[in-house]
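Keep in mind that this is a model prediction, so the values were computed, not measured.
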Amino acid sequence: MRASAVDLGDDQDGLAAEIVDLVQADPKQAEALLRPLTEDDDLAVAHRADWALRFLP
């Protein structure tokens, strides 16, 4: 999540697709990892974790 929250000047489609695949492959583990990140001090990380949680089945 931290890597995907960094603006590298590209759209990071490949990384985003990997995150979605991982969230859907193991929803329980993904939620356990992502929920705490929604309250991260770095708002970019928190927003990215919120985004990823939308892909839980």
Seminar exercise, completed: In short, Leu56 meets Pro27 closest at the heavy-atom pair CD2-O, 3.5 Å
For this session: Could you check Leu34, Asp21, Val23 and say which one makes a side chain to side chain contact (heavy atoms under 4.5 Å, CB included) with Phe55?
Result: Val23
Exercise. Tell me, do Trp51 and Val20 make a side-chain contact under 4.5 Å, heavy atoms counted?
Worked result: yes
Problem set entry | Heavy-atom pair with the smallest gap, counting every atom of Arg48 and Ala16 | NH2-CB, 3.6 Å
Exercise. Given the rule that I, L, V, M, F, W and Y join up when any side-chain heavy atoms are under 4.5 Å apart, are Leu22 and Leu37 in one cluster?
Worked result: no
Exercise. What pair of heavy atoms forms the shortest contact from Ala46 to Thr38, and how long is it?
Worked result: CB-O, 3.3 Å
Exercise. At what distance, to the nearest 0.5 angstrom, does CG of Leu33 lie from NZ of Lys28?
Worked result: 14.5 Å
Exercise. Out of curiosity, Asp40 CG to His47 NE2, how far, rounded to the nearest 0.5 Å?
Worked result: 10.5 Å
